[in-house]
Amino acid sequence: QVQLVESGGGLVQPGGSLRLSCAASGFTFDGYATGWFRQAPGKEREGVSCISGIGSNTYSADSVKGRFTISRDNTKNTMYLQMNSLKPEDTAVYYCATTRSPWYDRLRCDLRGNYYDYWGQGTQVTVSS
């Protein structure tokens, strides 16, 4: 059974930083795309950042470019999202996701949620003074 568990969320002041983690069990991240998504109250889910299974190609939403950095440690089967210069509009539940993409698709990732097969339960990030 595939399980993704996010951690690291919390309350932070504007301008602060948080580091989210996503640990997988029953699934090996190595070779497969993984991504971070978020959903604020009353809004649709939004793709934040993703990293390809091969080549570690990364893509980020314009709203977080230059502030958020996605990374993955395959030896720990864990993905991270380093979030700096946080803004109140970053407040949301953050989810990690992964997919069993076919071999010919492993050089890319996608910020659309329907690309992914497995999801975590989410971790709350609140940016407020």
Report the distance from atom [atom1] of [X] to atom [atom2] of [Y], rounding to the nearest 0.5 Å.
| X | Y | atom1 | atom2 | answer |
| --- | --- | --- | --- | --- |
| Ser71 | Gln82 | OG | CD | 8.5 Å |
| Leu18 | Leu11 | CG | CG | 9.0 Å |
| Ser52 | Tyr32 | OG | OH | 13.5 Å |
| Glu46 | Gln39 | CD | CD | 10.5 Å |
| Thr28 | Asn74 | OG1 | CG | 9.0 Å |
| Tyr59 | Arg108 | OH | CZ | 8.5 Å |

- [ ] Using a strict cut-off of less than 4.0 Å between a Lys/Arg side-chain nitrogen and an Asp/Glu carboxylate oxygen, indicate whether Lys87 and Asp90 qualify as a salt bridge.
- [x]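 The answer is no: the pair does not qualify as a salt bridge.
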
Open item on the list: Do Leu81 and Leu4 land in one hydrophobic cluster if side-chain heavy atoms of ILVMFWY residues count as linked below 4.5 Å?
Closed with: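 Yes; Leu4 is reachable from Leu81 via cluster members.
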
Open item on the list: Applying a strict under-4.5 Å side-chain criterion to I, L, V, M, F, W and Y, I'd like to know whether Val93 and Tyr116 cluster together.
Closed with: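 Linked, Val93 and Tyr116 end up in one cluster.
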
Open item on the list: Assess the residue pair Ser63 and Arg38 against the criterion (side-chain contact (heavy atoms from CB on, under 4.5 Å)); give the C-alpha distance rounded to whole Å, side-chain angles, the decisive distance to 0.1 Å, and a yes or no.
Closed with: CA-CA 12 Å; Ser63 58; Arg38 67 186 181 186; 3.5 Å; yes

TODO: Show which residues join Ile54 in its hydrophobic cluster (side-chain heavy-atom contacts under 4.5 Å, direct or indirect), or state none.
DONE: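 Leu107, which link up through side-chain heavy atoms under 4.5 Å apart, make up the rest of the cluster.
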
TODO: Report the residue from Tyr95, Tyr94, Trp119 that forms a ring pair (Phe, Tyr, Trp, His ring centres under 6.0 Å) with Phe37.
DONE: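 Answer after filtering Tyr95, Tyr94, Trp119: Trp119.
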
Task: Least distance between heavy atoms, Gly9 atom then Val125 atom - done: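 Nearest heavy atoms, Gly9 then Val125: CA-CG2, 4.1 Å.
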
Task: Smallest separation among heavy atoms of Met79 and Cys96, with atom names - done: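 That closest heavy-atom pairing would be CE-CB, 3.5 Å.
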
Task: Close aromatic pair by centroid cut-off 6.0 Å: Trp36 and Phe68 - done: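 Trp36 vs Phe68: aromatic centres not under 6.0 Å.
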
- [ ] Please check if atom CZ in Arg100 has more than 12 non-hydrogen atoms from other residues, nucleotides or ligands closer than 6.0 Å.
- [x]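 Enclosed: over 12 neighbouring heavy atoms sit under 6.0 Å from CZ of Arg100.
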
Open item on the list: How about CD on Glu89, more than 12 heavy atoms from neighbouring residues, nucleotides or ligands closer than 6.0 Å, or not?
Closed with: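 Result for CD/Glu89: enclosed.
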
Task: Residue pair Asp117, Phe27: steps toward the side-chain contact (heavy atoms from CB on, under 4.5 Å) verdict - done: CA-CA 11 Å; Asp117 303 309; Phe27 187 90; over 6 Å; no

Task: Derivation of the side-chain contact (heavy atoms from CB on, under 4.5 Å) call for Leu20 and Met83 - done: CA-CA 8 Å; Leu20 304 184; Met83 305 186 295; 3.7 Å; yes

Open item on the list: If you apply the rule side-chain contact (heavy atoms from CB on, under 4.5 Å), what do you find for Cys22 with Thr34, and how did you get there?
Closed with: CA-CA 10 Å; Cys22 173; Thr34 50; over 6 Å; no

